[in-house]
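Worksheet for the structure shown next.
Chain naming here is simple, since letters A, B, ... match the order of the sequence lines and numbering starts at 1 in each.
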Number of protein chains: 2
Amino acid sequence: MNAPEKISLFDLRAWSAGQLAAIEQALSRWVASPVDAPAPAGLGDAMRYAVLDGGKRLRPLLVMAACAAVNGDAATALRPACAIELIHAYSLVHDDMPCMDNDVLRRGKPTVHVQYGEAQALLAGDALQALAFELLTPDDDSVDAPTQARLCRLLAQAAGYQGMAGGQAIDLASVGLPLTSAQLHEMHRLKTGAVLQASVMMGAACGAASPAALAALRDYGAAVGLAFQVVDDILDVTADAATLGKTAGKDAAQDKPTFVSLMGLQASQAYAQQLHAQALASLQASGLENTQALQALADMLVNRQH
Amino acid sequence: MNAPEKISLFDLRAWSAGQLAAIEQALSRWVASPVDAPAPAGLGDAMRYAVLDGGKRLRPLLVMAACAAVNGDAATALRPACAIELIHAYSLVHDDMPCMDNDVLRRGKPTVHVQYGEAQALLAGDALQALAFELLTPDDDSVDAPTQARLCRLLAQAAGYQGMAGGQAIDLASVGLPLTSAQLHEMHRLKTGAVLQASVMMGAACGAASPAALAALRDYGAAVGLAFQVVDDILDVTADAATLGKTAGKDAAQDKPTFVSLMGLQASQAYAQQLHAQALASLQASGLENTQALQALADMLVNRQH
């Protein structure tokens with residue numbers, strides 16, 4: 001008989017399943033719901049198409065995990081969890097448009113502009129960004145005002161010119177150019193890192209944590225955000241398209257600078273492990289007790305095959 | 001000798017000049033300032049190009065006027081004044097894009113996508129929306145948290161699918177279609193009315209006002225928002241291009257439904273006057289004393305020639 005030796009270990013799959021059920025339910029209730037307040041003229045359809053029924057929900061999971069780490073209120077955290085996913089979803093809608101990456105498929109479905117037209121895709125992205133801030137500012141007593149303000153501040157900074165949009169501008173300008181390591185880091189710190197780090201900090205804002213613990217979580221978020229991108233670049237050359245769910249080798253084909261093109265495959269793999277270790281060390285340094293979910297998410301991000 | 005008989009009357013021009021000086025200074029400080037925190041890779045240039053050195057700043061003036069009406073704090077109000085202008089500016093950048101109205105000139109200058117490319121225009125609009133929320137959530141004690149949260153809520157609702165983006169979606173779907181009066185009203189209530197009304201309510205959020213006074217200001221904002229659009233439609237057929245600063249008769253040429261096409265010119269003019277009277281009656285009903293600027297802005301909006 002096999003003893004259930006690992007039964008006391010944190011079960012990421014079970015934890016995620018529970019969180020995802022709540023997240024999906026909240027998203028489908030909040031995204032331009034046709035029942036309480038329908039969005040007009042197809043806009044709501046495009047918004048829901050962009051958000052529902054797809055995606056790994058990594059950012060919402062980071063929010064919920066960070067909330068758990070600070071013993072925060074999970075019902076409160078559902079709002080930033082969904083808000084950050086709306087920001088992610090809007091960025092994909094706009095990124096896919098012909099004037100950007102001109103992608104026609106995402107997660108095996110036609111992209112929003114293919115399905116609903118470019119104008120509606122543009123509007124749906126814009127409306128999703130606004131909705132993210134609406135979710136953070138409920139007009140009742142469910143979330144206190146200082147938390148609402150802090151969440152809006154974190155999200156706005158992560159999404160804007162000093163975050164995601166700024167990183168995309170660097171990306172746009174860097175195709176075909178030789179970037180230094182510092183420039184590549186800066187691009188990814190802004191483009192994907194800022195929103196991943198903000199996910200952690202927004203979850204932490206749903207509870208109480210010392211300044212030192214918050215600083216440690218910020219370090220964790222930075223390490224995990226960067227590791228995510230390094231692993232993405234590794235998988236782009238090592239995974240086949242079937243596993244990856246998207247075209248492999250796409251970065252190289254588009255002549256985009258990547259960690260692999262800059263430092264080589266082996267060094268990139270070592271770098272991902274180093275960032276993983278940094279993330280775990282930051283959790284250790286935080287002094288927080290319930291960091292199992294954050295730890296498991298860091299493990300999953302670095303060891304994922306797609 | 002002419003006695004200065006009207007010296008006690010409110011001088012909108014002098015008041016506006018003072019407000020505009022502060023607004024322009026704040027915008028140029030806050031929009032992706034190259035000194036404190038430069039936006040990367042041309043993004044900041046595109047953002048500043050979209051916002052600075054142009055525009056009547058009607059929305060910021062409504063914010064400042066409403067703030068004055070509730071004896072609010074003008075330094076606080078500068079933040080929502082600029083934030084709402086960023087939302088307006090981003091909507092123009094996205095509206096002008098080829099997939100929307102495909103306009104190449106605005107205020108006599110090439111539109112953002114002509115000047116900086118479509119991808120940069122898309123990003124600049126996205127980043128301006130995020131920056132609007134960033135302006136509302138300063139990380140210091142300058143604006144209390146409940147006010148920050150309320151301002152974010154008002155702005156998000158006005159910009160999103162139940163506001164501006166929703167109205168644009170109706171507009172998109174309505175070209176060449178016969179709209180009923182109710183549908184035309186709904187489109188404009190969302191498309192331009194929501195942000196104009198939010199300007200008033202955001203200004204009012206910078207001070208203290210009774211629920212009754214706030215309800216009256218909301219009515220004022222609705223009347224002024226609708227009057228603005230009715231007058232726009234009137235000017236589109238009565239003004240010449242030189243006065244208007246844009247192509248006259250454009251709505252009719254694009255077969256867009258307007259108040260004039262629906263109810264005729266004379267009835268539209270009478271309707272504008274009626275809305276103006278409603279706006280003034282709402283100010284009267286508010287019980288607030290310092291409503292001179294709001295009153296003068298309503299007069300100006302209805303009597304403007306461009």
Please rank [options] by heavy-atom pairs under 4.5 Å with chain A and give me the top one.
{"options": "B:Ala124, B:Ala145, B:Pro146, B:Ser174", "value": "B:Ala145"}
{"options": "B:Glu118, B:Arg150, B:Met97, B:His113", "value": "B:Glu118"}
{"options": "B:Gln129, B:Met187, B:Gln157", "value": "B:Gln129"}
{"options": "B:Gly167, B:Gly163, B:Gly125, B:Cys152", "value": "B:Cys152"}

- Task: Check the side chains of A:Arg153 and B:Gln148 for a donor-acceptor pair under 3.5 angstrom, ignoring hydrogens and angles.
- Result: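 Note: B:Gln148 and A:Arg153 side chains meet the donor-acceptor criterion.
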- Item | A:His94 versus B:Asp126, side-chain donor and acceptor atoms under 3.5 Å |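 Distance-only check passes for B:Asp126 and A:His94.
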- Give the member of A:Cys99, A:Ala132, A:Gly160, A:Ser91 that has the highest number of heavy-atom pairs under 4.5 Å with chain B.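 If we count pairs closer than 4.5 Å to chain B, A:Cys99 comes out on top.
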- Message: Nearest 0.5 Å, please: how far is CD in B:Gln183 from CD1 in B:Ile170?
- Response: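 Reported to 0.5 Å precision, the distance equals 8.5 Å.
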- Which region of B:Pro138, side chain (C-beta onward) or backbone (N, CA, C, O), has a non-hydrogen atom less than 4.5 Å from a non-hydrogen atom of chain A, or is it both or neither?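 Looking at B:Pro138, just its backbone touches chain A.
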- Query: Would you call the rings of B:Phe133 and A:Phe133 parallel, tilted or perpendicular, where under 30° means parallel and over 60° means perpendicular?
  - Reply: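 The rings of B:Phe133 and A:Phe133 lie parallel, inter-plane angle below 30°.
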- Message: Run the side chain to side chain contact (heavy atoms under 4.5 Å, CB included) test on A:Leu184 and A:Thr258 for me, step by step, so that the C-alpha distance in whole Å, both residues' side-chain angles and the decisive distance to 0.1 Å come before the verdict.
- Response: CA-CA 7 Å; A:Leu184 189 68; A:Thr258 72; 5.6 Å; no
